[in-house]
Number of protein chains: 2
Amino acid sequence: MNESDIVMRNIKAELIKTAQDMIQKFGYNAFSYRDIANEVGIKSASIHYHFPSKADLGEAVAADYRKKFMGTLKEADEQGKTTSELLILYVSLFKQALIEDNKMCLCGMLSAEISSLPKQIAAETKLFFHENQNWLVSVMLRHVKPSSSAPMTDFKTEAALFVASLEGALIVAKGLGDVDVFNKITEKFLSPYLD
Amino acid sequence: MNESDIVMRNIKAELIKTAQDMIQKFGYNAFSYRDIANEVGIKSASIHYHFPSKADLGEAVAADYRKKFMGTLKEADEQGKTTSELLILYVSLFKQALIEDNKMCLCGMLSAEISSLPKQIAAETKLFFHENQNWLVSVMLRHVKPSSSAPMTDFKTEAALFVASLEGALIVAKGLGDVDVFNKITEKFLSPYLD
DNA sequence: GTCTATAAGATGATAGAC
DNA sequence: GTCTATCATCTTATAGAC
């Protein structure tokens with residue numbers, strides 16, 4: 001018995017992680033406090049101490065996802081990577097969920113369900129897409145040679161199409177029941193951006 | 001009082017229509033028999049006469065959607081339309097849901113939720129994507145000039161990318177809270193196919 | 001075919017002991 | 001912070017009257 005046996009559990013973080021996993025797999029309306037409680041190993045009533053309502057939990061999950069997602073991107077950005085490298089990293093963030101457990105992008109799932117979500121969660125979801133679009137535009141503006149006199153709106157649409165292709169690739173891969181479809185699709189629309 | 005006042009209601013069809021609408025808006029796990037019952041104007045217990053279980057209803061909804069969707073495509077196909085016209089029609093089928101009531105494609109929603117669905121519904125969802133892919137491949141094979149010696153798998157991937165772009169465009173438009181983003185995105189990836 | 005009545009279980013949530 | 005106990009409500013579903 002030594003210090004390494006004393007494991008500090010961060011229940012709040014575990015709740016967020018488990019809820020995030022279930023939303024990506026099943027959707028926001030398909031999991032209950034009991035489901036997470038069983039997974040984490042506490043009672044469902046105890047969750048209310050950390051997150052008074054399910055909407056609070058959902059909001060925390062979405063915010064955590066967005067911050068980590070954008071954090072990874074900004075970090076890679078500051079390392080002076082090329083457009084190719086940055087976009088390949090971006091694609092890998094989506095692919096990760098799919099190969100891990102046939103999961104959706106968290107905010108892709110939430111966006112599909114957005115009309116049935118508490119307002120706080122819907123707002124967090126929108127923030128994710130806006131920040132994603134901004135990041136992609138900044139990458140494209142800095143690195144891609146602008147075709148003649150392409151206006152700013154073209155980059156915003158190009159960024160939107162890029163995210164859309166990824167969210168859709170997840171859905172189609174799941175719908176066809178073939179994970180490798182994701183690779184084939186992304187290879188196709190990514191190729192113009194590669195060195 | 002004449003014959004035109006005698007309105008024949010097809011409750012079963014109304015149930016399917018209402019359930020379809022709610023799945024596209026909220027997701028399969030976010031509506032109840034009570035919700036549809038209230039909308040249609042009968043009691044929730046009565047629904048079980050038409051659809052013994054919710055899975056039966058979900059299966060019927062998905063099958064109905066797929067058959068009407070593919071029916072529209074095949075019909076247009078037989079009228080000898082051009083690739084441009086066929087693909088514009090295809091895109092319009094997705095756009096329709098979005099502008100109508102910020103809805104997803106039914107099977108896009110179901111595919112996102114697929115891990116939480118009864119097997120019959122998951123199977124119907126997969127069928128939709130396979131039939132869509134096949135239709136798109138047939139259109140592309142007949143009308144698009146194949147680039148040099150492009151193998152068949154390229155068309156399957158190209159078709160998958162096409163569907164993915166549309167499913168994703170719905171998600172991103174909803175996520176950005178801007179329906180017009182759908183138009184801008186589809187215009188961008190559709191343009192290479194237009195005359 | 002639709003209703004009322006009812007069931008068994010799940011759900012998000014609260015109160016209060018420890 | 002976590003527990004037990006409890007709640008009101010919702011969920012899918014069935015039985016039987018009309």
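Below, each value reflects all heavy atoms present in this structure, side chains not excepted, and no hydrogens, waters or symmetry copies. Keep in mind that this is a model prediction, so the values were computed, not measured.
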| field | Of all pairs that satisfy salt bridge (Lys or Arg N to Asp or Glu O under 4.0 Å), the ones with a partner from residues 45-59 of chain B, not counting sequence neighbours | value | none
| Heavy-atom distance under 4.5 Å between the side chains of A:L87 and A:L136, does that happen here? | yes
Check nucleotides 7-11 of chain D against the protein and report each pair of N or O atoms closer than 3.5 Å, with its distance, or say if there are none.
{"unit_1": "D:dT11", "atom_1": "OP2", "unit_2": "B:S32", "atom_2": "OG", "d": "3.2"}

Taking N or O atoms only and anything under 3.5 Å, show me the protein contacts with nucleotides 1-4 of chain C, one pair per line.
{"unit_1": "C:dT2", "atom_1": "OP2", "unit_2": "B:H50", "atom_2": "NE2", "d": "2.6"}
{"unit_1": "C:dC3", "atom_1": "OP2", "unit_2": "B:K43", "atom_2": "N", "d": "2.6"}
{"unit_1": "C:dC3", "atom_1": "OP2", "unit_2": "B:S46", "atom_2": "OG", "d": "2.7"}

| said: According to side chain to side chain contact (heavy atoms under 4.5 Å, CB included), who are the partners of A:K95, at least two apart in sequence or on a separate chain? | reply: A:I99, A:F182, A:N183
| Between C:dT6 atom C1' and B:H48 atom NE2, what is the distance in whole Å? | 13 Å
| query | Under the side chain to side chain contact (heavy atoms under 4.5 Å, CB included) test, which residues partner B:D21, sequence neighbours left out? | reply | B:K25, B:E100, B:K103
| For the rings on B:F94 and B:F69, is their centre-to-centre separation under 6.0 Å? | yes
| request: I would like to know whether B:K188 and B:S165 meet side-chain contact (heavy atoms from CB on, under 4.5 Å); could you show each step before the answer? | output: CA-CA 10 Å; B:K188 195 151 198 124; B:S165 303; over 6 Å; no
| query | Does the gap between the ring centers of A:F189 and B:F189 come in under 6.0 Å? | reply | no
| Qualifying side chain to side chain donor-acceptor pair (under 3.5 Å) pairs, either residue in residues 7-16 of chain A, two or more places apart | A:R9-A:E14
| field | Spacing of A:Y28 atom OH relative to C:dT11 atom C1', expressed in whole Å | value | 12 Å
